[in-house]
4 protein chains.
Amino acid sequence: MIIKIDFESEIPIYEQLKRQIIQGIAKGDLSKGEELPSVRQLAEDIGINLHTVNKSYNLLKDEGYLVVDRRKGTRVSDTMPEPNEKYIDNLKEEIGYISADAYCKGIRKEEFLSVCEKYFNDFIANGEDESNGR
Amino acid sequence: MIIKIDFESEIPIYEQLKRQIIQGIAKGDLSKGEELPSVRQLAEDIGINLHTVNKSYNLLKDEGYLVVDRRKGTRVSDTMPEPNEKYIDNLKEEIGYISADAYCKGIRKEEFLSVCEKYFNDFIANGEDESNGR
Amino acid sequence: MIIKIDFESEIPIYEQLKRQIIQGIAKGDLSKGEELPSVRQLAEDIGINLHTVNKSYNLLKDEGYLVVDRRKGTRVSDTMPEPNEKYIDNLKEEIGYISADAYCKGIRKEEFLSVCEKYFNDFIANGEDESNGR
Amino acid sequence: MIIKIDFESEIPIYEQLKRQIIQGIAKGDLSKGEELPSVRQLAEDIGINLHTVNKSYNLLKDEGYLVVDRRKGTRVSDTMPEPNEKYIDNLKEEIGYISADAYCKGIRKEEFLSVCEKYFNDFIANGEDESNGR
DNA sequence: GTGGTCTAGACCACC
DNA sequence: GTGGTCTAGACCACA
């Protein structure tokens, strides 16, 4: 799986990395239980600081996406995280803002929904056969 | 229109304010051409520094949401901003990530889409009679 | 001569007015010795404050563009102002910056010069028969 | 590259700084990708507040002249900004006024054009070998 | 170390 | 009255 960092983005590097790993899991590029490169290895590959990769891994571990195994290193969790209340609230707020912005800028509801649907269909097509862990 | 700032949030105050103003416009709480409170007034009302309000106003002005009338102060623009290429790219990336995260956490496509649709319907119901400036 | 003020511009109203009067003179819309509307009249026509018009007139008077006559009111001067040292320095600085900006943005020298030339030709065509006051 | 601020000028400090950086890029004093001093460093060197430098940097970043690399700080962008419609309109208005003023003050077309040309030739001579990024 | 955020208080230009 | 500019000092996130 290819990681692409934009060093000039306003989004922190650790956040970009975290997001790409999550998208990698959704798209099926990373399978449940699959081992991730070591912190050191990945940091070198991407050309970023070791601590930055570590931060991403730890956040993903805290969220339930990754598990750290002493022997096997860092792997994708076998079960995906449950959506807790805080996440749901956050998601609604985020969607509330994004859709308001899009609406004001003249994006039509159908356009917006079709973009969302497109992504979902992608995820389902590639990941469904792995039964989504639930 | 009521502004509610979460001082514990990781989202900067100026960004929270900016988002709420955009949502206010989308929902119709703020009409095209409507005068906004002065930076000093709003800062005092919310209990934040005037420079923070100023930053929000300036970002919204740069984006095309607000205009500064030399005689009347700050007003909502009569014409909403056009979606430029950068915005579209950003939007797709954002939706790509959010939907990936949601998908992994077990949110079903229908649930996700219905939330989006609900917001849009709200905007349209409240704002359509003002013809959306386009 | 038509005055058009942009109340949302970052350029002060009095400066916009001043510039348009100068351009009116250069283009020949305003002739040497021609009477300008009274401060009160112009302010009302444009829909701006009386003091603002007054400021423009005074600046133009100080620069030598206008003369104030107790009986005849404000008129365009019969002789155009001489370019003093301060003006020349200022002009060079301004051109230095504008051309640098244009160059960086990929405007070709020929394009830039042709725009400048176009304006000058306009002025000469319309004003030359009035012998330019010198 | 030497920055010289006129504290008596009516042009804001951040604007003077911005202009000099743009001219520095045009003249080749600042190369594509070159690192700029940190806001704190430059502020101290010039003897102004770091927020003022920050404002200049941010404006230049918004315009596309500078980029902020999360690892290396602020650098000159590898690609110069494209001239958008707003810029072109602005440029024409500015040239329209400046040339009108110059014409009235007796500057001859040839003089005006030769000054413009001189600057451009300077930029080209010093910067062309860096291929201007386009 | 870097830039980003927020606060505070001052002065000024404009209208 | 409005927003714009500048200063000063503090804290934080990021790498």
Side-chain angles (χ1 to χ4, degrees), chain A residues 5 7-17 43 46-56, chain B residues 5 7 9-17 35-44 46-59 61 66-75, chain C residues 5 7-17 43 46-56, chain D residues 5 7 9-17 35-44 46-59 61 66-75:
Chain A
I5 301 295
F7 295 105
E8 296 166 6
S9 167
E10 60 184 353
I11 302 173
I13 295 172
Y14 78 86
E15 177 73 17
Q16 293 183 53
L17 179 52
I46 306 180
I48 62 177
N49 193 294
L50 183 147
H51 298 94
T52 308
V53 178
N54 206 29
K55 181 161 187 174
S56 302
Chain B
I5 301 295
F7 293 98
S9 170
E10 61 184 351
I11 302 174
I13 294 173
Y14 76 85
E15 179 71 19
Q16 292 183 52
L17 178 53
E35 265 187 62
L36 271 69
S38 76
V39 285
R40 282 175 177 78
Q41 182 64 52
L42 185 52
E44 196 184 340
I46 304 180
I48 60 176
N49 192 282
L50 95 178
H51 291 114
T52 308
V53 177
N54 202 28
K55 179 157 188 177
S56 301
Y57 276 20
N58 274 323
L59 287 170
K61 191 186 70 179
L66 304 183
V67 292
V68 177
D69 188 304
R70 296 195 84 91
R71 300 162 304 175
K72 301 182 195 163
T74 306
R75 299 186 354 251
Chain C
I5 301 295
F7 295 105
E8 295 166 6
S9 167
E10 60 185 355
I11 302 174
I13 294 172
Y14 78 88
E15 177 73 17
Q16 292 184 54
L17 179 53
I46 306 179
I48 61 176
N49 193 295
L50 183 149
H51 298 94
T52 307
V53 177
N54 205 30
K55 180 160 187 175
S56 301
Chain D
I5 300 297
F7 292 98
S9 169
E10 60 184 351
I11 301 173
I13 295 173
Y14 76 86
E15 178 72 18
Q16 292 184 52
L17 178 53
E35 263 187 62
L36 271 70
S38 75
V39 286
R40 282 176 178 79
Q41 182 65 51
L42 186 50
E44 196 184 341
I46 304 179
I48 61 177
N49 191 281
L50 94 177
H51 292 112
T52 307
V53 177
N54 201 28
K55 179 159 187 174
S56 302
Y57 276 19
N58 274 322
L59 286 170
K61 192 186 68 177
L66 304 184
V67 291
V68 178
D69 188 302
R70 297 195 83 93
R71 300 162 303 176
K72 302 180 193 164
T74 306
R75 301 185 354 249

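We name chains A, B, ... by the order of the sequence lines, and we start the count at 1 in each one.
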Subject >> Pairing nucleotide - dA13(F), Watson-Crick or G-U, each distance under 3.5 Å >> reply: dT2(E)
**OP:** Output yes when at least one side-chain N/O atom of Asn54(D) is less than 4.0 Å from OP1 or OP2 of dG4(E), else no.
**Re:** yes
Subject >> Nearest-Å distance for atom pair CD/P, residues Glu44(D) and dA8(F) >> reply: 12 Å
Original post:
Of the nucleotides dC15(E), dT5(F), dT7(F), which one has an atom closest to the side chain of His51(B)?
Top reply: dT5(F)
Subject >> Nearest-nucleotide 5' precedence on DNA chain E, Ile13(C) against Pro37(D) >> reply: Pro37(D)
**OP:** Give a yes/no answer on whether the side chain of Thr74(D) brings an N or O atom under 4.0 Å of OP1 or OP2 in dG3(E).
**Re:** yes
Original post:
Checking Arg70(B) against Phe7(C): charged group under 6.0 Å from the ring centre and within 45 degrees of the axis?
Top reply: no
Original post:
Any side-chain heavy atom of Leu36(D) sitting closer than 4.5 Å to one from Leu66(D)?
Top reply: yes
Original post:
Between dA13(F) atom C1' and Gln16(A) atom CD, what is the distance in whole Å?
Top reply: 15 Å
**OP:** Send over the distance from Asn49(D) CG to dG4(F) C1', rounded to a whole Å.
**Re:** 15 Å
**OP:** For the side chain of Lys55(C), starting at C-beta, report the closest nucleotide among dG3(F), dC14(E), dC11(F).
**Re:** dC14(E)
**OP:** Please report, rounded to the nearest Å, how far the P atom of dT2(E) is from the CD atom of Glu35(D).
**Re:** 10 Å
Original post:
What's the closest nucleotide to the Tyr14(C) side chain, out of dC15(E), dA15(F), dG3(F)?
Top reply: dC15(E)
Subject >> Spacing between Phe7(D) atom CZ and dC11(E) atom P, to the nearest angstrom >> reply: 19 Å
Subject >> Of the listed nucleotides dC15(E), dA8(F), dG3(F), the one nearest the side chain of Val39(B) >> reply: dG3(F)
**OP:** Ignoring backbone atoms, test whether Arg70(B) places a side-chain nitrogen or oxygen under 4.0 Å from the OP1 or OP2 oxygen of dC15(E).
**Re:** yes
Original post:
What does Lys72(D) touch in the nucleic acid at a heavy-atom separation under 4.0 angstrom: a base, only the sugar-phosphate, or nothing?
Top reply: nothing
Original post:
Can you tell which of dT5(E), dT2(F), dG4(F) lies closest to the side chain of Ser38(B)?
Top reply: dT2(F)
**OP:** Check every atom of dT7(E), dC6(E), dT5(F) against the side chain of Pro12(B) and return the nucleotide holding the closest atom.
**Re:** dC6(E)
Subject >> Options dT7(E), dC14(F), dG3(F), nucleotide nearest the side-chain atoms of Arg40(B) >> reply: dG3(F)
Original post:
Toward the 5' end of DNA chain F, which comes first, Thr52(A) or Tyr57(B), by nearest nucleotide?
Top reply: Tyr57(B)
Subject >> Sub-4.5 Å side-chain heavy-atom contact between Lys61(D) and Val68(D) >> reply: yes
Original post:
Under 4.0 angstrom, heavy atoms only, what part of the nucleic acid is Leu50(D) near: base, sugar-phosphate, or nothing?
Top reply: nothing
Original post:
Given atom CD of Glu8(C) and atom P of dC15(E), what is their separation to the nearest angstrom?
Top reply: 14 Å
Original post:
Short question: side chain of Gln16(B), backbone of Ile11(B) - any donor-acceptor pair under 3.5 Å?
Top reply: yes
Original post:
Rounded to the nearest Å, what distance is computed from the CG atom of residue Leu59(B) to the P atom of nucleotide dC6(E)?
Top reply: 11 Å
Original post:
5'-most contact on DNA chain F: Ile48(D) or Gln41(B), nearest heavy atom basis?
Top reply: Gln41(B)
Subject >> d(CD1, Ile11(C); P, dC15(E)) in whole Å >> reply: 11 Å
**OP:** Would you name the heavy atoms of Leu17(A) and Val53(A) that are closest together and state the gap between them?
**Re:** CD2-CA, 4.0 Å
Original post:
Would the number of heavy atoms belonging to other residues, nucleotides or ligands and lying under 6.0 Å from CD of Glu8(A) be above 12?
Top reply: yes
